[in-house]
*Asks:* 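Quick one: the structure is below, questions incoming.
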Amino acid sequence: QQPVQSPQAVILREGEDAVINCSSSKALYSVHWYRQKHGEAPVFLMILLKGGEQKGHEKISASFNEKKQQSSLYLTASQLSYSGTYFCGTGAGSYQLTFGKGTKLSVIP
Amino acid sequence: KAGVTQTPRYLIKTRGQQVTLSCSPISGHRSVSWYQQTPGQGLQFLFEYFSETQRNKGNFPGRFSGRQFSNSRSEMNVSTLELGDSALYLCASSTQGSGEQYFGPGTRLTVT
């Protein structure tokens, strides 16, 4: 079952904050976040594991609510370079990631 | 370290043909996953290989197959191509398969 991301698209001005949500109907072991710029490959941002462990870039923050099977990615003080499509991928304990359809983020001057 | 490489980058095939795509993972990475990316469906998991063994397969027909070699390089094959197979095919490598994945630039397949 594909996780559901919201919003589908968002436009921000530089310096504004945004939250991208990812919700799954399945029990999750991990949530992975990636960003893909147009014409490029997805780039790893963060992993959140059941039990609270997180690995990722220092400037990115996220939360993982295991009970609700939800994760949120927090983008603060957005920069033009944050523009792209953000994907969450959910892992249920196997070596398979199921990705959401993505959230398109556009940051304008 | 060199990144994940995929060949070819672009491919045009006609319906009914078959195609083989190649992926070379980052040195030391033993897990390779394949994804199909389309505008409508996003990133969809095809299969994952680790040490030459397929550990997981996504919900795709048997026309889609893959393999991994002893040097961790992987290939995927699509037989009897259909128009709906037109997509960007991405491979990603990781050390164990459950951690962060590093994506290659993809192979853009167009089926006419």
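Within every chain, numbering begins at 1; the chains are lettered A, B, ... in the order of the sequence lines, protein sequences first and strands thereafter.
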*Asks:* Can you tell if the side chain of B:F45 reaches within under 4.5 Å of the side chain of A:F99, non-hydrogen atoms only?
*Replies:*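 Side chain of B:F45 against side chain of A:F99, heavy atoms only: no contact under 4.5 Å found.
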*Asks:* Heavy-atom count around A:K26 NZ within 6.0 Å, excluding the residue itself: above 12?
*Replies:*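 No, the 6.0 Å shell around NZ holds no more than 12 heavy atoms from other groups.
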*Asks:* Is any side-chain heavy atom of A:E40 closer than 4.5 Å to one of B:F103?
*Replies:* no
*Asks:* Report the distance from atom CD of A:Q2 to atom CD of B:Q44, rounding to the nearest 0.5 Å.
*Replies:* 6.5 Å
*Asks:* Which atom pair, heavy atoms only, marks the closest approach of A:Y34 to B:Q101?
*Replies:* OH-N, 2.8 Å
*Asks:* Which bit of B:L43 comes within less than 4.5 Å of chain A, counting heavy atoms only: side chain, backbone, both or neither?
*Replies:*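 Contact with chain A involves both backbone and side-chain atoms of B:L43.
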*Asks:* For B:R63, does the CZ atom have more than 12 heavy-atom neighbours from other residues, nucleotides or ligands under 6.0 Å away?
*Replies:* yes
*Asks:* Check for me, please, whether B:V78 and B:L83 land in the same ILVMFWY cluster - side-chain distances under 4.5 Å, paths through other members count.
*Replies:*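 Same cluster: B:V78 reaches B:L83 through Ile, Leu, Val, Met, Phe, Trp or Tyr contacts under 4.5 Å.
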*Asks:* Would the number of heavy atoms belonging to other residues, nucleotides or ligands and lying under 6.0 Å from NZ of A:K104 be above 12?
*Replies:* no
*Asks:* Rounded to the nearest 0.5 Å, what separates atom CD in B:Q41 from atom NZ in A:K101?
*Replies:*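 So the gap between those two atoms works out to 4.5 Å.
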*Asks:* Around atom CG of A:D17, are there more than 12 heavy atoms from other residues, nucleotides or ligands closer than 6.0 Å?
*Replies:*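 Count over threshold, so yes.
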*Asks:* Looking only at non-hydrogen atoms, find the nearest pair between A:Q96 and B:K57 and report the distance.
*Replies:*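 Heavy atoms only, the tightest pair is OE1-O, 4.1 Å.
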*Asks:* State whether the number of non-hydrogen atoms from other residues, nucleotides or ligands found under 6.0 Å of A:I108 atom CD1 is greater than 12.
*Replies:*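 Yes.
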*Asks:* Do B:S33 and A:L97 have side chains that get closer than 4.5 Å, going by heavy atoms?
*Replies:* no
*Asks:* With a 4.5 angstrom heavy-atom cut-off, which part of B:Y35 approaches chain A: side chain, backbone, both or neither?
*Replies:* side chain
*Asks:* Please check if atom CD in A:Q8 has more than 12 non-hydrogen atoms from other residues, nucleotides or ligands closer than 6.0 Å.
*Replies:* no
*Asks:* For the residue pair B:Q37 and A:Q36, confirm or rule out a side-chain donor-acceptor distance under 3.5 Å.
*Replies:* yes
*Asks:* Side-chain heavy atoms under 4.5 angstrom apart, residues restricted to Ile, Leu, Val, Met, Phe, Trp, Tyr: same cluster for A:F64 and A:I20?
*Replies:*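 The answer is yes; both residues are in one hydrophobic cluster.
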*Asks:* Can you name the closest pair of heavy atoms from B:G104 and A:A41 and give their distance?
*Replies:*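 Looks like O-CB, 3.0 Å.
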